[in-house]
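Let me begin by presenting the structure, written as structure tokens, before commenting on it.
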Amino acid sequence: MAGLLMQRVAILGATGSIGASALDVVARHPDTMRASVLAAGSNVAALVALCRRHRPDDAVIADESGFAALRDGLADAGLATRAHAGAAAIDALASGPGCDTVVAAIVGAAGLDSTLAAARAGKRLLLANKESLVLAGELMMAAAREGGAQIIPIDSEHNAIFQCLPRDGAGAGVRRIVLTASGGPFRGRDRATLANVTPAQAVAHPKWSMGPKISVDSATLMNKGLEVIEACHLFGLPPERVDVLVHPQSLVHSLVEFIDGSTLAQLGLPDMRTALAVGLGWPERVQSGVAGLDLLAHGRLDFEAPDTAAFPCLRLAYAALAAGGTAPAVLNAANEVAVSAFLQGRVGFLSIPVLVEETLEALPARAADTLDALREADNEARRVASAALSRHPA
Ligand code: NDP
């Protein structure tokens, strides 16, 4: 991006938690970057409010029934921002000439097409939407290679590894990587005590402020499982060279161990603006609004092994990775269905891993060399998991 006078940034998922952090960083650099495209799912009012503040060229709402309200809201605000609606419009804007950089921060598999479109179009891709890598990692990495897109991971762990790896991206000399996990709000509890936890308790993450889906994923440790799969794709490593360590303070964001015995780690306060600033400024460092780390004030860094008996989702993710093919897509889709049902109070917390495991068992892994095969697996898994919900009442 060096050499561009003004970096034009498309923020997909602008009304979410990552979207807010990305807009915060962009707004700190009015001379070098601006938000040119803002996209959201269905929350027109929030999108219009962001447009008033950031004045993008284009705003798009995925829910087509929101088009008139978006168009009228922009006109009422006296903005020249063009209104669009529908998933295809998001894909077109993510790959079109109106942006240089795409922040892929739509939640869930709904982010797949726009992330792929940005990769194929050779954009700088700030990838927060981990589900798209879990669902179609090989195709995504191939699309980025062929399109000439640079992927900068925004997940804090992968961003940490990205920062610790040599600048030429060479994986040679890396023995293993270690993803840290906060352990979520229920760290230290055994399985029996998790039966009656509520959605409100599950989304109350001790260290990170995030959207509801990823917060529940953190509480089940599925988030870490999705991140292991994500790391294998991003860094070209087999699962046995990706480990997980629980680190409750969330200050060490991940580590890379090299063959000479060196281990490099990246540390910082748990605030996603750091990762976003790394992506927006790379290879330079730019202000993020995040304070430096005062280790004396924090005092200690603790580490422990993950408890996969209480939190089986991490084990299920490794199993899906080992099965390969469509299994990660099935894992992801079943998890999205189960988490959504849990957030709606329809199933209990302990049903999340059960639903995922049952769906994986019902749909053995098949080859996954085309996007259509993966979409079919995703759809099938959603059907199977949805049908199983009634067997697991809250
Ligand atoms: P939020 O729930 O806060 O935001 C989700 C965003 O996606 C909203 O802007 C929402 O729009 C939009 N959206 C939902 N459905 C669609 C759709 N069908 N089409 C277009 N846009 C849609 O999520 P987060 O910001 O927490 O997470 C976003 C992604 O980043 C996830 O993949 C998550 O795993 C990843 N991530 C998040 C981190 C965090 O700290 N939050 C850390 C690391 C990764 P609307 O408001 O209109 O519904």
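When a ligand or atom number is given, it counts from 1 through the structure's own listing order.
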**Asked** Any idea which protein heavy atom is nearest atom 44 (C) of ligand 1, and the distance to it?
**Response** D155 OD1, 3.3 Å
**Message:** A110 versus ligand 1: do any nitrogen or oxygen atoms come within less than 3.5 Å of each other?
**Reply:** no
**Asked** Considering only the protein, which heavy-atom contact is closest to atom 19 (N) of ligand 1, and what is its distance?
**Response** A62 CB, 3.3 Å
**Asked** Using heavy atoms and a threshold below 4.0 Å, how should the contact between E131 and ligand 1 be classified: side chain, backbone, both, or neither?
**Response** side chain
**Asked** Is it true that R391 and E358 have a side-chain N and a carboxylate O under 4.0 angstrom from each other?
**Response** yes
**Prompt:** Looking only at heavy atoms, which two atoms of R52 and L79 are closest? And how far apart?
**Reply:** N-CD1, 3.8 Å
**Asked** Salt bridge or not for D113 and R375, using N-O below 4.0 Å?
**Response** yes
**Request:** Quick one: look at M272 and ligand 1, take heavy-atom pairs under 4.0 Å, and tell me if it's side chain, backbone, both or neither.
**Result:** side chain
**Message:** If you take the nearest heavy atom of each of L12, I106, T15, which one is closest to atom 10 (C) of ligand 1?
**Reply:** T15
**Request:** Would you indicate which of N223, D63, I214 comes nearest to atom 33 (C) of ligand 1 when only heavy atoms are counted?
**Result:** I214
**Under-4.0 Å salt bridge between D57 and R34** = yes
**Nitrogen or oxygen of I61 less than 3.5 angstrom from that of ligand 1** = no
Show the atom names and distances, to 0.1 Å, of all donor-acceptor pairs under 3.5 Å that link a side chain in residues 325-333 to residues at least two apart or in another chain.
unit_1 : atom_1 : unit_2 : atom_2 : d
T326   : OG1    : R366   : N      : 2.8
T326   : OG1    : R366   : O      : 3.4
N332   : ND2    : E336   : OE2    : 3.2

**Message:** Among all protein heavy atoms in this structure, tell me which lies nearest to atom 26 (O) of ligand 1, with the distance rounded to 0.1 Å.
**Reply:** G211 N, 2.9 Å
**Prompt:** In terms of atom number and element, which parts of ligand 1 are under 4.0 angstrom from non-hydrogen atoms of N129?
**Reply:** 32 (O)
Name every donor-acceptor pair, under 3.5 Å, that has one atom in a side chain of residues 67-78 and the other anywhere in the protein, sequence neighbours excluded.
none

**K130 bridged to E157 by N-O distance under 4.0 Å** = no
**Request:** Say whether W208, considering both its backbone and side-chain N or O atoms, lies within less than 3.5 Å of an N or O atom on ligand 1.
**Result:** no
**Nearest atoms (heavy-atom pairs only) where F258 meets V174** = CE2-CG2, 3.9 Å
**Request:** Measure from atom 11 (O) of ligand 1 to every heavy atom in G16, A14, G41 and give the option owning the shortest one.
**Result:** G41
**Request:** Can you pull out the closest protein heavy atom to atom 3 (O) of ligand 1? Residue, atom name and distance to 0.1 Å, please.
**Result:** S17 N, 2.9 Å
**Request:** Name the closest protein heavy atom to atom 14 (C) of ligand 1, giving the residue it belongs to and the distance to 0.1 Å.
**Result:** V107 CG1, 3.9 Å
**Request:** For the pair K224 and E227, find out whether any cationic side-chain nitrogen is under 4.0 Å from an anionic carboxylate oxygen.
**Result:** yes
**Winner among S209, A105, G19 once heavy atoms are compared against atom 28 (C) of ligand 1** = A105
**Message:** Out of all atoms in ligand 1, which are within 4.0 Å of some heavy atom of G13? Include the element for each.
**Reply:** 6 (C), 7 (O), 9 (O)
**Asked** Does a donor on one side chain and an acceptor on the other come within less than 3.5 Å for N159 and H253?
**Response** no
**Asked** Relative to ligand 1, is A128 under 4.0 angstrom through side chain, backbone, both or neither, heavy atoms considered?
**Response** both
**Complete:** Note: I18, heavy atoms under 4.0 Å from ligand 1, region reported as both
**Message:** Distance alone, cut at 3.5 Å: any donor-acceptor contact between the side chains of T370 and D372?
**Reply:** no
**Message:** What I want to know is whether S42 and ligand 1 share at least one N or O pair that is separated by under 3.5 angstrom.
**Reply:** yes
**Message:** Looking only at side-chain N and O atoms, does Q7 offer a donor or acceptor that is under 3.5 Å from a partner on H29?
**Reply:** no
**Request:** Distance to 0.1 Å, residue and atom name: give those for the protein heavy atom nearest to atom 34 (O) of ligand 1.
**Result:** K130 CE, 3.2 Å
